[in-house]
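Keep in mind that what you see is a predicted model, and the values were worked out from it rather than measured. Chain A is the first sequence line, chain B the second, and so forth, proteins listed ahead of strands; every chain is numbered from 1.
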Amino acid sequence: MRRVNPQKTERKWQKRWAAGKLDQAADFDPRPKFYALVEFPYPSGEGLHVGHPRSYTAMDIICRKRRMEGVNVLFPIGFDSFGLPAENYAIKTKTHPAVTTAANIKNFMRQLKALGLSFDWTRAFATTEPEYYRWTQWIFLQLYRRGLAYRAEIPINWCEHCTIGLANEEVVDGRCERCGGPVSKRTKAQWLLRITVYAQRLIDDLQLVDYPERVRQSQLNWIGRSEGAEITFPMRVNGATPSGALTVFTTRPDTIFGATFMVVAPEHGLISQHAALLKNLDEVQRYVQAARSKSDLERTDLAKSKTGVCLDGLSAVNPATGKEIPIYVADYVLSSYGTGAIMAVPAHDQRDFEFARAYRLPIVPVVANPAGNGAPLTAAYVATQGGTIINSTQFNGLSVTEAVPKITAWLEYRGVGKRAITYKLRDWVFSRQRYWGEPIPLVYCHSDECRNRRLASGENTPGVHMVVLDGREHTVVPISEDQLPLELPKVKRYEPTANGESPLAAVGKWVAATCPQCGGPARRETDVMPNWAGSNWYFLRYTDPENGELLADPAKLRYWLPVDWYNGGMEHTTLHLLYSRFIYKFLWDIGAVPPECGPEPYKKRTSHGLILGEGGEKMSKSRGNVVNPDAVIAEYGADVLRVYEMFIGPFDQPSPWDTKGIIGVKRFLDGVAEYVAWWMSAAKLPEAPDLDQALQTAVLKISEDIEAMRFNTAVAALMIARNALSAARQQAQRASLSQLEAYLLLLSPFAPHLAEELWETLGHKGCDRAHRGSIFAQSWPRYEAAKAQAAAVTVVVQVNGRVRDRLVLPAGTGETEAVVQARQLPNIQRHLAPAAAVRVVFVPDRLINFVTS
RNA sequence: GCCCCCGUGGCGGAACUGGUAUACGCGCCAGGCUUAGGACCUGGUGGGAGCAAUCCCUUAGAGGUUCGAGUCCUCUCGGGGGCACCA
C-alpha cells in the first residue's frame, strides 16, 4: 500500500498546528527553559537551499523532543534581510530592494512552513524592519558614545573596472566578485569598531562555553595572540645625530644580538616624518607608491622575492650590541601587525634571511644550530625550542627558553624594551559605501557653536568627536536616540558613485541634514552598516520582539538567556560568531543585557556540514547541481525530505546529495504507515512476546543520538525497530498498543506529519484546538532498563585473539560456567589442546579469549 | 609554511570508554506478484580457497603497544577545510 498524497496530509497538520499554541514559547513559565537558535536565513531570490533544512530540521528534532520532555522551548526564526544580492538585483532591474526582500521573505516563509518546522512564528521579524534596525542603530550609538566606534583612513578594496569600493566579502581571490577584475587598495575614511579591545576576553571566555574544538581553534587562530616584547631602537641621522627611535614587536627578543638591520612597512609613519632627511627620498617614495598600487594578491604572493629600499641618511642602533644598523622599507612587513616595523634577524627568520641574501646584509647567528656544525647557513635556523645562545655576551650558553625572559628583563631594566602581547585581530571595518543597510546615525556639523561646545567639553578626539571633511573641521554629532530609527531614504540609483561614495551621497536631501545639537545645517553620514550589524544581536530581540522602549525587556532577557544551543555553519566561525560574541559582551558591559545573563551569549555551539551536490562537488548554480527543496517536497513530501537529510550522513560533516538514496527513506516511511494500517486490521492476532527489548533499545539509542546530533544513526535505529515490527508480523504477531505508540513517539520529531496522522489513526483525538490529543502533547518515551535486558547473549569465543566460535548464554553467566561451556565447543577443542590454556580473558556477556602463548 | 578534520564494501556510511568489522540505507543478484513494468514484495550480497564443516585475507601503507587494534602511539602516502610574508 502506498501513502496517498503526503502533501495533502502535511498541509492539514501544518494548518492545525498553526491554529494552536504548541510551538509558542511562554515567557516566565515555571518549567525549565530551553533557548534553541539556528542562524536566520538571508532571504535570497533563489529561495531555500537544501542546506537550510539540514540545520533547521536537526534543531527542530531537538526542540520537539524537549517539548515532549516538559520543557518550555523558545525556537525562533527571522530574516537577515539587508545585503548585497538584493542591492545588486536592484542595480540590474531598478526594483527597490524592499520590494524584492518582501517577496523573498514571503517565499521563504512558505518554504519553511512546508517543512513542518516548529518555529514560534509569533516572534519572527526581519532585520530590515525599521522597528528592528532602530535598535541596531541604537547599539551603534552606544558603541560610539563609549569610544568604541571611530573613523579612520583605511584602505578599502577598489575595483578598477566597476569603479566602486568592494566589501571584503565581495573580493574573491583578490578579484572583484562581480566582474572578475583586479582589486586594488584605496584609502578612505571608514567607521571601525574596536573589537581589539575585547581580544583577550574573547579568548579567555572560550573556556566558559561548549564549542566544537575546531570552532574554538579557529577563533583562537583568528584572534592570534602572540607574546613577545616591544623593543625600542634609537635612530641616528647620518650615523651621528640622535633622532627619535623606532619601536618594534618581536616574539624572539632572545635573538636581539643577531638583529643586523631593521625594516618598516611602506605605510609606516617614519617615512613621512623623516622625509626631509632621506637622501634617496625619490627612490623611497617610488617604492612606497608601487607597493600601494599593488593588489593584495601580488603583495601577499609568498613566492615573490623580497624587495626593499634602504632609508639613506637614517639608521638605528641595536640596543644590545650598540652597533649601527641600516633601516629598510620593504613590503614584506605589514603595517597592520605589531608596530609595522621589525628588527630583522636573518640568521633565525627565513624572510629576513632571504632579504639579507638579496641585499648582502650581515647574517649573525645567535642561536647555535646543533646540526649545523658552524657551516655557512643556507636557510634561517628557526630554533623556537632547542638551541643554545651564542654571540650574545653575558647570555651565551643559555637555552632559548631561558634567554627569552632574561633578555627581556635586561632590556626592560635598561629602558629599551618591555614584555608585550600582540593580536592578529584587527578592528572591524563597520561602514559600507552601499545602500541596502542600516544608515549610520550621525551627522557632521561645522557650526561654531558645536565646535566651541566640543572644545569646551574636552571631548575632541580626532576620528571620534572631530573629523576633517573637505579640509574643514566638523563636529561629529550623533542623532538623538528618540529620533531613531533613521530610515533609509528612497534613491533612484543604487550604484555606488564613481568616487566610491555610497549611493546615499548622491541624494542631496539626505546629505543635507539639520544638526540635532545646534539646529544648523549639517552633513549626514552616507555610509551604511555591514550586513553583520543586524545579526549581531538578533537573538536578544527574539525574547521580546515587539518592545518599542528597549531593545528587549531585561526580565525577559534574564529568563531566556543565554542561548542554550546555537547551531550554524562553520563559515561564520570568525565572522558572525565572533562579532556577535563581541557585541553581546559590550551590551552586557553597559547593562543593556542584565548581569545575570552572563558574559557569553551562546552556551553551546554546534556546526552542521554542508550538503554537497551529487558526486561531492559544492552545490552551485553554475555547476547546475542545485537541488530545490520544493521539488523534493512535491515529489515525496516534507517528512521524506526531513528524514532523508538526517540520514544522509554524519550531521557535522559534509555529505553529497544522492537522489537514489531518498527512495530508501520513502520506503521506510511508507512501510511504517502500512504497518499501522495492517495493525488496525489485525486486532485478533496475538501480541509478539519479545518486542520490548527491540523497542527499548530504540528508545535509548534514539534519545542519546538526538542529544549528540547523531541523527543518521537515530534514523537507522528507527529503521531497525521498524524491521523488528515487520519480523513479528511475518510470524502473525502484532505489537501491543503501547509499543506501537512508543514507536510513533520516537518517530514524531523526525517525521512529524506522518506521526501525527498515524497517532490519530490509532484512535487519538489528534491535534484539536487545545492540542491535548496531539502526539506532540505526549511525553517522550522513558527508557526502561529492565525491559531492555536481553535474556540471552551471544558470547564470542576466541583462541589467541582469533574468533573461533560463538556461544549463546543466559545474560550474566559467570566466568566459570562460561569457560566450561566454551571448552566443549568442537571448534574450540580443535584449536585448543585440552590442558593448554595458560590464561583466560573473560569479558562478561561479550567474550572469552583463551591465550596459550 | 601553520592549524584543524578525514581515509572502512560498488556507493552514503555503522562500530559505546580497545572486545562478533562492514549495522542501516542505496545499488546489484535471485525469486515472487504482474499482460508488462518497477518508486512493489521476499531472500541473498567484503575478497579468496573448499562439495562441505571450515580456513585464510581485509578498515590508505609500514612499524609498535596489547590476550585482543578500524579505535591507542610513531612514521609515510592521499583527500578536504581554514589561516597565511602575523616578525
*Just how far, in rounded Å, is P of B:C41 from CZ of A:F668?*
14 Å
*Would you mind telling me which residue lines up with the more 5' stretch of RNA chain B, A:K701 or A:W222, judged by nearest nucleotide?*
A:K701
*What is the nucleic acid contact for A:T573, judged by heavy atoms within less than 4.0 Å: base, sugar-phosphate only, or nothing?*
nothing
*Has the side chain of A:K424 got a donor or acceptor that lies under 3.5 Å from a partner of the other kind on the base of B:C83?*
no
*How would you list, by chain and number, every residue that makes a ring-ring contact (aromatic ring centres under 6.0 Å, His included) with A:Y743, sequence neighbours excluded?*
none
_Anti versus syn assignment for B:G48, with syn defined as within 90° of 0_ = anti
*Return the set of residues passing salt bridge (Lys or Arg N to Asp or Glu O under 4.0 Å) with A:E707 (not counting sequence neighbours), or none when no residue passes.*
A:K65, A:R66
*What does A:R846 touch in the nucleic acid at a heavy-atom separation under 4.0 angstrom: a base, only the sugar-phosphate, or nothing?*
base
*asked:* Please tell me whether A:T852 and A:N800 have a donor and an acceptor in their side chains that are separated by less than 3.5 angstrom.
replied: yes
*Measure from the side-chain heavy atoms of A:V843 and tell me the nearest of B:G19, B:A39, B:G13.*
B:G19
*Could you pull out all residues at least two apart from A:Y644 that satisfy ring-ring contact (aromatic ring centres under 6.0 Å, His included)?*
A:W657
*Using a cut-off of 4.0 Å on non-hydrogen atoms, how would the nucleic acid contact of A:L718 be classed: base, sugar-phosphate, or nothing?*
nothing
*Base, sugar-phosphate, or nothing: which does A:E213 touch, judged by heavy atoms less than 4.0 Å apart?*
nothing
*Kindly write out the residues that satisfy salt bridge (Lys or Arg N to Asp or Glu O under 4.0 Å) with A:K618, not counting sequence neighbours, or none if the list is empty.*
none
_For Watson-Crick and G-U wobble pairs within 3.5 Å on both distances, what is RNA chain B written in dot-bracket notation, | included for inter-strand pairing?_
(((((((..(((......[....)))((((((.......))))))((((....))))..(((((..]....))))))))))))....
*Indicate whether the side chain of A:R54 and that of A:S655 have a donor and an acceptor atom separated by less than 3.5 Å.*
yes
So which protein nitrogen or oxygen atoms get under 3.5 Å of nucleotides 64-68 of chain B's nitrogens or oxygens?
unit_1, atom_1, unit_2, atom_2, d
B:C67, OP1, A:R839, NH2, 3.4
B:C67, O4', A:R839, NH2, 3.4
B:C67, O2', A:N849, ND2, 3.4
B:C67, O2, A:N849, ND2, 2.5

*Side-chain N,O (A:T574) to OP1/OP2 (B:C83) below 4.0 Å*: no
*Taking ring-ring contact (aromatic ring centres under 6.0 Å, His included) as the test, write out the residues that go with A:F668, two or more places apart.*
none
*Contacts of A:R214 that satisfy salt bridge (Lys or Arg N to Asp or Glu O under 4.0 Å) - sequence neighbours left out*: none
*From B:G82, B:A39, B:C4, pick the nucleotide closest to the side chain of A:E635?*
B:A39
Report, one pair per line, the protein and nucleotides 54-57 of chain B atoms (nitrogen or oxygen only) whose separation is under 3.5 Å.
unit_1, atom_1, unit_2, atom_2, d
B:C55, OP1, A:R804, NH1, 3.4
B:C55, OP1, A:N827, ND2, 3.2
B:C55, OP1, A:H831, NE2, 2.9
B:C56, OP1, A:R804, NH2, 3.2
B:C56, OP2, A:R804, NH1, 3.1
B:C57, OP2, A:R802, NH1, 3.4
B:C57, OP2, A:R802, NH2, 2.5

*Rounded to the Å, how far apart are A:K660 NZ and B:C26 P?*
12 Å
Close N/O contacts between protein and nucleotides 23-25 of chain B (under 3.5 Å):
unit_1, atom_1, unit_2, atom_2, d
B:G25, OP1, A:N723, ND2, 3.4

*Reckon A:P650 touches a base, only the sugar-phosphate, or nothing at all at heavy-atom distances under 4.0 Å?*
sugar-phosphate
*Rounded to whole angstrom units, what separation is found between the CG atom of A:L220 and the C1' atom of B:G82?*
14 Å
*Residues two or more places apart in sequence or in another chain: which of them pass side chain to side chain contact (heavy atoms under 4.5 Å, CB included) with A:Q798?*
A:V796, A:V803, A:L847, A:N849
*Residue pairs fulfilling salt bridge (Lys or Arg N to Asp or Glu O under 4.0 Å) with at least one residue in residues 644-665 of chain A, sequence neighbours excluded*: none
*C1' gap between B:U17 and B:G70, integer Å*: 16 Å
